[in-house]
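Notes to accompany the following structure.
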Amino acid sequence: MDIRPLTGGLGAEIFGADLRDPAQLDDIRDAFVRYSVITLRGQTITPDDHLEFARRFGTINVNRFFKRLDSHPEIAIVLKEADQTGAIGESWHTDHAYDHAPAMGSILHAIETPPFGGDTAFCSMGAAYDALSDRFKEILNGLHAWHSSRHVFGAVQQDSEATRTGRVGNADLATQDALHPVVIAHPLSGRKGLFVNPQFTTRIDGLSEAESDAILHMLYSHCQKPEFQCRVRWQDGDVTMWDNRATWHKAINDYHGHRRYMHRVTVEGCALEAA
Ligand code: SIN
């Protein structure tokens with residue numbers, strides 16, 4: 001297989017791989033740990049192949065809020081129809097940050113891509129942490145932050161287009177809040193990285209609202225530097241797997257009037273340790 005880094009910060013495209021082949025798993029896993037985001041180009045797979053590949057990395061975590069594939073309920077549907085305006089996952093986020101054991105990663109299979117746009121953007125939380133000053137790192141190292149599903153998937157979203165069109169639901173299940181270290185030691189690589197994100201993080205524990213807001217806003221603006229980012233340009237059949245403990249991601253909603261249809265499988269993670 002031919003592994004080509006996308007940027008200096010994170011991400012790689014992999015050509016000539018077949019995710020159905022267990023003999024290729026070690027190389028794919030090594031690339032995943034090294035690059036945090038890997039795109040396996042041109043896969044010809046069924047939903048069962050998708051699930052079998054995901055199970056090689058861990059137990060599947062069935063998302064509570066996304067519409068599920070009728071034939072394979074462990075697969076979440078990520079869909080925007082041509083006449084819809086909102087995409088799923090448009091804000092920078094980390095999947096399942098609101099869980100006590102946030103997901104290890106997600107594996108997204110492109111079934112139908114628009115003729116232009118619809119990329120997914122990623123940020124490296126390790127690169128963003130490395131670029132902070134040593135004094136500021138010292139301040140962050142002792143902190144923990146709260147994350148929640150309530151304000152994103154709870155009752156407040158009942159009137160959203162995603163809920164009305166059935167793409168997101170189960171508002172009554174949005175009851176999760178979790179406390180995680182602001183700086184984690186990555187469970188696989190040990191690399192230090194930030195673990196706060198604009199969508200699900202609500203507050204830094206023990207600080208006033210003004211103090212917490214100031215630090216979070218500063219971090220969010222810092223993390224969005226292009227130097228820490230890569231973008232995946234999709235083609236039908238591509239499969240992208242991202243490391244949820246090392247990245248943020250965001251669906252770019254710039255393909256209005258066209259359909260984009262993906263299948264997502266999310267793999268269980270573990271409780272996060274402070275760096
Ligand atoms: C997601 O946030 O899981 C969806 C990302 C995408 O559709 O590009």
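When reading the values below, keep in mind they use all heavy atoms of this one structure, side chains included, and skip hydrogens, waters and symmetry mates. Whatever order the structure lists them in is the order used to number ligands and atoms, beginning at 1.
Evaluation of the salt bridge (charged side-chain N to carboxylate O under 4.0 Å, His left out) rule for Arg56 yields Glu52 as partners, not counting sequence neighbours. For Glu112, the salt bridge (charged side-chain N to carboxylate O under 4.0 Å, His left out) test picks out Arg259, with sequence neighbours left out. With sequence neighbours excluded, the residues forming a side chain to side chain contact (heavy atoms under 4.5 Å, CB included) with Arg231 are Asp119, Ala121, Ile252, Asp254, listed by chain and number.
For an aromatic pair to be called close, the ring centres must be under 6.0 Å apart, and Phe122 with Trp242 satisfies this. Ring to ring, His151 and Phe153 are not that close: their centroids are 6.0 angstrom or more apart. A centroid separation of less than 6.0 Å is found between the aromatic rings of His93 and His249.
Contact residues for ligand 1 (protein heavy atom closer than 4.0 angstrom to any ligand atom): Val78, Gly89, His93, Leu108, Thr120, Trp242, His249, Ala251, Arg260, Arg264.
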